[in-house]
Each structure stands twice: as structure tokens, then as C-alpha cells.
Protein chains: 2
Amino acid sequence: MRTLNERPDVIPLVAEVFREFGYEGTSLSRITERTGMGKGSLYHFFPGGKEEMANAVLEDVGAWFERHVFEPLRSEPPGAAIARMWDAVDSYFRSGGRICLVGAFALDGTRDRFADRISGYFIQWIAALRDALIRQGWSPAAAGESAEDVVLGIQGALVLARATADDGLFARTIVRLKSRLRPDEGH
Amino acid sequence: MRTLNERPDVIPLVAEVFREFGYEGTSLSRITERTGMGKGSLYHFFPGGKEEMANAVLEDVGAWFERHVFEPLRSEPPGAAIARMWDAVDSYFRSGGRICLVGAFALDGTRDRFADRISGYFIQWIAALRDALIRQGWSPAAAGESAEDVVLGIQGALVLARATADDGLFARTIVRLKSRLRPDEGH
DNA sequence: CGCTCATTGTACCGATAGGTACACGATAGA
DNA sequence: TCTATCGTGTACCTATCGGTACAATGAGCG
């Protein structure tokens, strides 16, 4: 046919396949049917095959969070940046209807293959949030602990929401986590 | 050879394989090499093949938690039962060095195959903990919220601990979660 | 128009997937 | 000791895996 597809267009489609089936559960044929691209095109854009596709997907996810979450946390006024983070998280994960690819990859043997990208994602997130909290007047220790607490809470909520198919769980959890970041107790 | 192996002996070995590689990433040959059992024996004990093995493993995990965590939470004095839960959790997950099979299965397409067992595990855990908190004098609402918060925090900690290869994260998180269950704020 | 080159479908590759068939050997009960 | 059964190793099955080769196609451009 013709050149309707570009590499960046395909990545979100491929991402969704990995999200649904995990790295090992994602077969080239599944990607083919979901993207409408044959192996020829797929290997043209991703000469490294499945591994390169997953890498591109992880990079794409990382870039999205860098842009919409981490960077604002580091440079915008902390209150506004944190509010923005909650909005981004809620919409990105579709209120718990969508899981975190990075978290899912972290849990099985896939982790070792993409260790740097996976750990980088979480470390950056925690560091950026911690930074914002410190700029909001928190002590470094309390900020670090709470940042970890929040990021981990989001991941846990995604696991539980999908495990129990409880529609409200994610939103409930976000409310609770939000309130923990509000300055009422002494940090 | 002879009948050294019994079904119950093999299940923990198989469980470890699923834990490392996920459902899709676990191949019969990997199970064979890890357990030392050939396909003949494997299919003798698990005629349903891989799916039956995973089911048996999930049942085994569920039974362990029922015995060491859920049942105590329901019937023992709440303070002691909760203390026991923390010990059980820390040793079972090897301070974060071991992931939660149920949580891992929940995140990808594997969930649908074992939906009842997976959701049952978490629902029972939360309900049992909630029950213990109520018997400790918490309001039902606060108890439900905190039970969810704790179980989800454990899952999140397992994800992050493995993602970032941070040895101390799990223990740190447990300390924090523990303190949230101690009666100081008004519930 | 004709050249070039990115893009694509198709056929094919060896390896391995999950699963089945079956016959051999040990065992235990009679 | 004879025999029915349990446990096991091995050979084999088809389907699919991830990946490669390559020829046809088409757009862009001089």
C-alpha cells in the first residue's frame, strides 16, 4: 500500500498490546492484527524486533510522564504541579481502567531486559515529587517518604483495581493519597 | 524412577517458576528443568496442563494466606493477629525480594483466566483486615478504607521494590503502613 | 518519463510452544 | 508370585513463535 503509517503512530497501538498481554504474552501476530501492519513494515520500523518495540514503547511512556508530570513537578510552582500530576495520573490510567506498563514489566523476568528504563521511570517520579514537596516547605526526609508513599500507592491501586475489577477503588485511593500530601500534619 | 515426588511437593517449585517468568513466560520445559519432572509426570499430576498447574499454585498461595493471615485476622485478638500479619507478610515476600504471584497475574491477560481466585485473594484479605480493625474499635468506614490502603500499599511496595531494586524500600514501607494502623488519629 | 528508495506482503526458516500416546518399570495388594 | 495400577521417560504431534529474505509496489523527484 502506501506510507500512511509512521513509527510514532504505531507506538501507542503496540503499547496497548503489551499492556494487555505483557511482554511474553505479546506475539508478533497479535501486534500485526492490532496495528494492521505486516511483519515487513514492523521490522522495517523496528529492526530489533519485539525487544525494540517494547523499548520504544517504554521510551514513549517515559517521555509522556517526563513532559506531563516530572518536568512540571521540578519547575512549576509545587502546588499547581502536584494538582497537575493528579489530573495527569487519573486521565492516563483512565481511573484505574488501564494498568501501568512499567509496573507490569517490573514484576516478571521482563524487568531484567529493561531494568534501566523501568527503574528510571520510578526513581525520576519519586525524585520529582519529593523535590516539589520540599519546595512546598516539607522537610527532605518527610518529602522523600511521602513521595515514595504516593507513587507506590498509585501502583498498588492499579494492581488492586484490576485484580478485583472494582471501578471505584482507584478514584478512592487517589483521594486518600491527595489528602496525605496536603499540609496538615507536621512534616 | 520411583514415587519420590508427590503433587504437593512440586507445587512450590512450579510456583517459583511462575513467579519469575509470569504465566506466559513460563514454559513446560522451564518447569521440567526446575522440578526435575518430565512431561509424563507433570501431566500425570496435572492433566489440565499449564493452566491446571497455575490454578494449583494459586490455590496453594491462597491456602497459605488463609491459614497464616486471613483466618487469624478473623478469629484471633485483633492486635495479635495484625502483628502476626506483618510478620507473615515480611517473611513470605522475603522483605520485598519476592513478588506477589497473585498481583503479577492480575496485571496482564492472565487475570481473566483466573479472575475468581485473583479477586478472591485480595477481597478476602481486605475484608479480614477490616474485620480485625473494627474489632479493635475502628469505625467500619475508617476500617474499610485503611484495610484497602494497607493491602494496596503492600502490593505497590512489591512493584517498586522490584522495579528499582531497592532493598530497603519494602521494609521502610511496612514500617509506615504499620504505623498507620496504630490508633493515634481518630477513626 | 524514469530512477530511486522507502514501504510493504508473502513465503519461508529453525526452534520451541503446549499437549498426546504409549510402553516400560516399580510397586503394592492379593 | 501374579497382577493391576501408578509413575515415568521418550518419541512424536501440530501450531505458533520470533525472525529473515526478497520481490513487488508505490510515491517523490529530477
Side-chain angles (χ1 to χ4, degrees), chain A residues 1-59 101 104-105 108-114 117, chain B residues 1-60 101 104-105 108-114:
Chain A
M1 295 268 172
R2 94 247 87 220
T3 160
L4 269 185
N5 291 313
E6 310 249 344
R7 202 181 122 123
D9 299 325
V10 192
I11 291 179
L13 283 316
V14 179
E16 225 49 46
V17 183
F18 279 121
R19 222 184 284 272
E20 278 180 49
F21 301 102
Y23 183 76
E24 296 290 349
T26 295
S27 66
L28 285 239
S29 65
R30 214 119 50 171
I31 296 180
T32 284
E33 83 185 16
R34 202 62 85 77
T35 60
M37 296 178 80
K39 285 191 180 187
S41 316
L42 246 20
Y43 274 84
H44 177 70
F45 290 121
F46 309 94
K50 191 173 155 179
E51 178 151 353
E52 185 173 342
M53 297 178 208
N55 234 312
V57 161
L58 285 175
E59 189 183 10
L101 227 204
F105 276 14
D108 61 27
T110 309
R111 194 211 90 102
D112 303 326
R113 224 188 264 262
F114 307 106
R117 248 183 241 286
Chain B
M1 296 265 173
R2 97 239 96 238
T3 158
L4 268 186
N5 289 314
E6 310 249 345
R7 203 180 120 121
D9 298 326
V10 192
I11 290 180
L13 283 315
V14 180
E16 224 49 45
V17 183
F18 280 122
R19 221 184 286 271
E20 278 180 49
F21 301 102
Y23 183 76
E24 296 290 348
T26 295
S27 66
L28 285 242
S29 64
R30 214 119 51 171
I31 296 180
T32 283
E33 84 186 16
R34 202 62 85 78
T35 59
M37 295 178 79
K39 285 191 179 186
S41 315
L42 246 18
Y43 274 84
H44 177 70
F45 290 121
F46 309 95
K50 191 173 154 179
E51 178 152 353
E52 185 173 342
M53 297 176 210
N55 233 312
V57 162
L58 286 175
E59 189 183 10
D60 191 56
L101 227 202
F105 277 14
D108 62 25
T110 310
R111 193 211 91 103
D112 303 327
R113 223 188 265 263
F114 308 106

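Letters A, B, ... are given to chains in the order of the sequence lines, protein chains preceding strands, and every chain is numbered from 1.
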### Message
Classify the ring geometry of A:Phe114 against A:Phe105: parallel below 30°, tilted from 30° to 60°, perpendicular beyond 60°.
### Response
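Judged by the thresholds at 30° and 60°, the geometry between A:Phe114 and A:Phe105 is parallel.
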[atom1]-[atom2] distance between [X] and [Y], expressed to the nearest 0.5 angstrom:
X: A:Leu42; Y: A:Met37; atom1: CG; atom2: CE; value: 5.5 Å
X: B:Leu58; Y: B:Ile11; atom1: CG; atom2: CD1; value: 10.5 Å
X: A:Leu101; Y: A:Glu20; atom1: CG; atom2: CD; value: 10.5 Å
X: B:Leu13; Y: B:Glu33; atom1: CG; atom2: CD; value: 12.0 Å

Taking atom [atom2] of [N] as reference, at what distance in whole Å does atom [atom1] of [X] sit?
X: B:Glu51; N: C:dG19; atom1: CD; atom2: C1'; result: 14 Å
X: B:Arg30; N: D:dC17; atom1: CZ; atom2: C1'; result: 14 Å
X: B:Leu28; N: D:dT14; atom1: CG; atom2: C1'; result: 15 Å
X: B:Met53; N: C:dG18; atom1: CE; atom2: C1'; result: 9 Å

### Task
For DNA chain D, determine which residues of residues 36-50 of chain A have any heavy atom closer than 4.0 angstrom to one of its atoms, and list them numerically.
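Within this stretch, A:Lys39, A:Tyr43, A:Gly49, A:Lys50 sit under 4.0 Å of the strand.
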### Task
Taking only heavy atoms on the protein side, list every residue of residues 15-25 of chain B lying under 4.0 Å from any atom of DNA chain D, sorted numerically.
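The answer is none.
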### Message
Categorize B:Thr26 for me: base, sugar-phosphate, or nothing, with a 4.0 angstrom heavy-atom threshold over every strand shown.
### Response
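Result for B:Thr26 = sugar-phosphate.
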### Message
I need the minimum non-hydrogen distance between B:Asp108 and A:Gly22, along with the two atoms involved.
### Response
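In terms of heavy atoms, the two residues are closest at CB-N, 3.9 Å.
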### Within-4.5 Å side-chain heavy-atom neighbours: A:Phe21 and A:Arg30
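Side chain of A:Phe21 against side chain of A:Arg30, heavy atoms only: contact under 4.5 Å found.
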### Query
Can you tell me if the side-chain N/O atoms of B:Ser29 get under 4.0 Å from OP1 or OP2 in C:dA17?
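Yes, because at least one side-chain N or O of B:Ser29 sits under 4.0 Å from OP1 or OP2 of C:dA17.
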Tabulate below the donor-acceptor pairs under 3.5 Å that side-chain atoms of residues 49-56 of chain B make, not counting sequence neighbours, or state none.
residue	atom	partner	partner atom	Å
B:Lys50	NZ	B:Tyr23	O	3.0
B:Lys50	NZ	B:Thr26	O	2.9
B:Glu51	OE1	B:Arg113	NH1	2.9
B:Glu52	OE1	B:Gly48	N	2.6
B:Glu52	OE2	B:Arg7	NH1	3.4
B:Asn55	OD1	B:Arg117	NE	2.6
B:Asn55	OD1	B:Arg117	NH2	3.2

